[in-house]
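Just so it is clear, the structure is predicted and the values come from calculations on it, not from any experiment.
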Amino acid sequence: MRAVLRSAAVALALASAGCATEHLRFAALSSEPIPTLGYPKERLRRVTNVSATVSSQIILWIPTNTQTPTLQNAVDSALERGGGKLMVDAEVTHWWILVPFLYGQEGWTVQGDVVRNVPPE
């Protein structure tokens with residue numbers, strides 16, 4: 001009986017998984033059209049190390065959020081937090097955690113510098 005319980009515990013531990021499925025870098029990100037050609041990014045104000053995470057959870061097959069988190073939601077949140085419309089030197093991570101039949105979580109994390117649209121004085 002102990003061997004069966006031990007095998008079940010090992011199987012559950014192996015079936016539980018957590019993973020960052022995508023880890024990408026972008027030179028520029030925005031959720032709306034921005035004219036980047038000739039855009040003097042060096043002279044504009046930057047808010048550095050802005051990070052935003054959007055996620056949803058599933059507990060016992062019941063989702064806590066009716067909408068799946070998207071990359072656009074994460075970028076919009078980061079741009080709002082930084083007060084700009086363009087994110088440069090951005091890192092994007094799509095991640096998920098799963099414990100079968102009990103708990104699941106999925107989300108997007110975006111981190112980078114937000115360029116403000118106001119030139120420095």
Exercise. Pick one: which of Leu29, Thr109, Val75 meets side-chain contact (heavy atoms from CB on, under 4.5 Å) with Val92?
Worked result: Leu29

Exercise. Going only through I, L, V, M, F, W and Y residues with side-chain contacts under 4.5 Å, is there a path from Val88 to Leu71?
Worked result: no

Seminar exercise, completed: Heavy-atom nearest pair, Met87 first then Leu79, reads N-CD2, 3.8 Å

Problem set entry | Neighbour count above 12 (heavy atom, 6.0 Å) for Glu32 CD | yes

For this session: Kindly give the heavy-atom pair with the smallest separation between Val50 and Ala78, and that separation in Å.
Result: CG1-O, 3.4 Å

Problem set entry | Closest heavy-atom pair and its distance - Leu86, Ser30 | CD1-CB, 4.3 Å

Exercise. Is the shortest heavy-atom distance from the side chain of Phe26 to the side chain of Val110 under 4.5 Å?
Worked result: no

For this session: Give the minimum heavy-atom separation between Ser56 and Asn65, together with the two atoms involved.
Result: CB-CB, 3.8 Å

For this session: Spell out, yes or no, whether Val47 and Val115 are grouped together once hydrophobic residues are joined by side-chain heavy atoms under 4.5 Å, including indirect joins.
Result: no

For this session: Examine Trp96 and Trp61 and state if one hydrophobic cluster contains both, with Ile, Leu, Val, Met, Phe, Trp and Tyr joined whenever side-chain heavy atoms are less than 4.5 Å apart.
Result: no

Exercise. Can you check whether Asn49 reaches Gln111 side chain to side chain, under 4.5 Å on heavy atoms?
Worked result: yes

Problem set entry | Sequence neighbours excluded - salt bridge (charged side-chain N to carboxylate O under 4.0 Å, His left out) pairs with any residue from residues 56-82 | none

Problem set entry | Trp108 side chain reached by Asn73 side chain, heavy atoms, under 4.5 Å | no

Problem set entry | Test item: Leu60 and Leu102 side chains (from C-beta on) under 4.5 Å apart, heavy atoms | yes

Seminar exercise, completed: Heavy-atom closest pair (Pro69 atom, Gly107 atom, distance to 0.1 Å) is CG-CA, 4.2 Å

For this session: Name all pairs fulfilling the salt bridge (charged side-chain N to carboxylate O under 4.0 Å, His left out) condition that reach into residues 97-113, sequence neighbours left out, sorted by first residue then second.
Result: Arg46-Asp113

